[in-house]
Amino acid sequence: MPELPEVETIRRDLEPLVLGATIVGVEIYWPGSIARPSAPEFEDLITGRTILHLGRRGKYLIFALSGGWNLIVHLAMTGRLLLNQVERDKHTRAVFHLEDGHNLLFVNMRKFGRLYLVKDAQEVVGRLGPEPLEAEFTPQRLAHLLANRRGALKPLLLNQRFLAGLGNIYADEALFVAGLHPQRRADTLSPEEVGRLCGAIRLVLKEGLKDGGTTLEAYRRPNEEKGRHQERLQVFQRTGGPCPRCGATIERIVLAGRGTYFCPRCQR
DNA sequence: CCCGGAACCTGAAGGC
DNA sequence: TGCCTTCAGGTTCCGG
């Protein structure tokens, strides 16, 4: 799914196009997409509201609406937000009609994505860890987060309460750039290694963002364009290929149920 | 609290 | 062709 760079790309694409637009109606084709309130209440409450701001926290998009409401969208693995002249297909779960005639489609093949309509956004995003691209995310902060964590690094990087925005792709890429083994016990990093990890996380997210995200399959920008970062991935889904740094063969293991790619020579 | 595994879904790809 | 298994970018819940 969209991880931080993909969600932020969507936010940047969408923001200038939907700011100030009023939602004049919504059609819900899969009510299970609505996390809260109930689908009928959702329809009722959102109709007539104007989009005042589009923000992001971790992998969540936050549409601030008039009247103090927030529409919060999580795309999960296969979610898309598409704008304009896009035909509804069998995976379209909801359509928002905007006053200017544009349609915003929520498309989600596997039905894991969710829409929330809440007054207080913190109800949904309040328990997330720090934003890795904000200035608050420093080696000191990361060292503090890692202290007393006895589990492996990789699953911890995927824990959104630990750090917001990393998913399977960028977690593996960050560990590769940092030269750290995904199974390395989190509380054993030296200060120098913590510094490398901090820099690596920020670097891979910025590079992904620069490329408009990574499209392996489902991810699309609001105009259906693909991302370009898949061409620059160093280890993710490159099993059997050469490590770009040392030439050793990239390996795949399963950690906490997730496919995990790394260079056995560079990552210790 | 911390951690790993199962569950939630649909579809594509590969083996037989 | 058809059936079966495996895998997929996420999150939450449950049990140890």
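Quick note on labels: first sequence line is chain A, next is B, and so on, each numbered from 1.
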Starting at atom [atom1] of [X], determine the distance to atom [atom2] of [N], rounded to an integer number of angstrom.
| X | N | atom1 | atom2 | answer |
| --- | --- | --- | --- | --- |
| A:H229 | C:dG9 | NE2 | P | 15 Å |
| A:L157 | C:dG10 | CG | P | 12 Å |
| A:F112 | C:dG10 | CZ | P | 11 Å |
| A:N168 | C:dA8 | CG | P | 8 Å |
| A:L255 | C:dC7 | CG | P | 14 Å |
| A:R80 | C:dG9 | CZ | C1' | 13 Å |
| A:L216 | C:dC7 | CG | P | 17 Å |
| A:R114 | C:dT11 | CZ | P | 12 Å |

Using only side-chain N and O atoms of [X], determine if any of them is under 4.0 Å from OP1 or OP2 of [N].
| X | N | result |
| --- | --- | --- |
| A:Y261 | C:dA8 | yes |
| A:R258 | C:dG10 | yes |
| A:H74 | C:dT11 | yes |
| A:Q160 | C:dT11 | yes |

Checking contacts here: which listed nucleotide (C:dT11, C:dG9, C:dA8) is nearest the side-chain heavy atoms of A:F236?
C:dG9

Near A:R150 CZ, under 6.0 Å, is it more than 12 heavy atoms from other residues, nucleotides or ligands?
no

If you draw a 6.0 Å radius around CG in A:D89, do more than 12 non-hydrogen atoms from other residues or ligands fall strictly inside?
yes

Distance check, P atoms only: B:dC9 and C:dC3, in whole angstrom units.
24 Å

Does anyone know the first and last nucleotide of DNA chain B in reach of chain A, 5' to 3', at under 4.0 angstrom to a heavy atom?
B:dC3 to B:dG11

5′-ward residue of the pair A:R110/A:E217 relative to DNA chain B:
A:R110

Mapping A:K90 and A:A152 onto DNA chain B by nearest heavy atom, which one lands closer to the 5' end?
A:A152

Honestly, is A:R11 close enough over A:F63, meaning NZ or CZ under 6.0 Å from the six-membered ring centre and within 45° of the axis?
no

Just by distance, with hydrogens left out, do A:D120 and A:Q122 show a side-chain donor and acceptor under 3.5 Å apart?
no

Could you verify whether a donor N or O on one side chain and an acceptor N or O on the other, from A:H53 and A:E15, lie under 3.5 Å apart?
no

Both distances below 3.5 Å, Watson-Crick or wobble geometry, any strand: find the nucleotide opposite C:dG10.
B:dC8

When we call it a touch if two heavy atoms are under 4.0 Å apart, what does A:R252 touch: a base, just sugar-phosphate, or nothing?
sugar-phosphate

Would A:R184 and A:E193 pass as an ion pair if we require N to O under 4.0 Å?
yes

With a 4.0 Å cut-off on N to O distance, would you call A:D13 and A:R221 a salt bridge?
yes

Can you classify the ring geometry of A:Y261 versus A:F236 as parallel (below 30°), tilted (30 to 60°) or perpendicular (above 60°)?
perpendicular

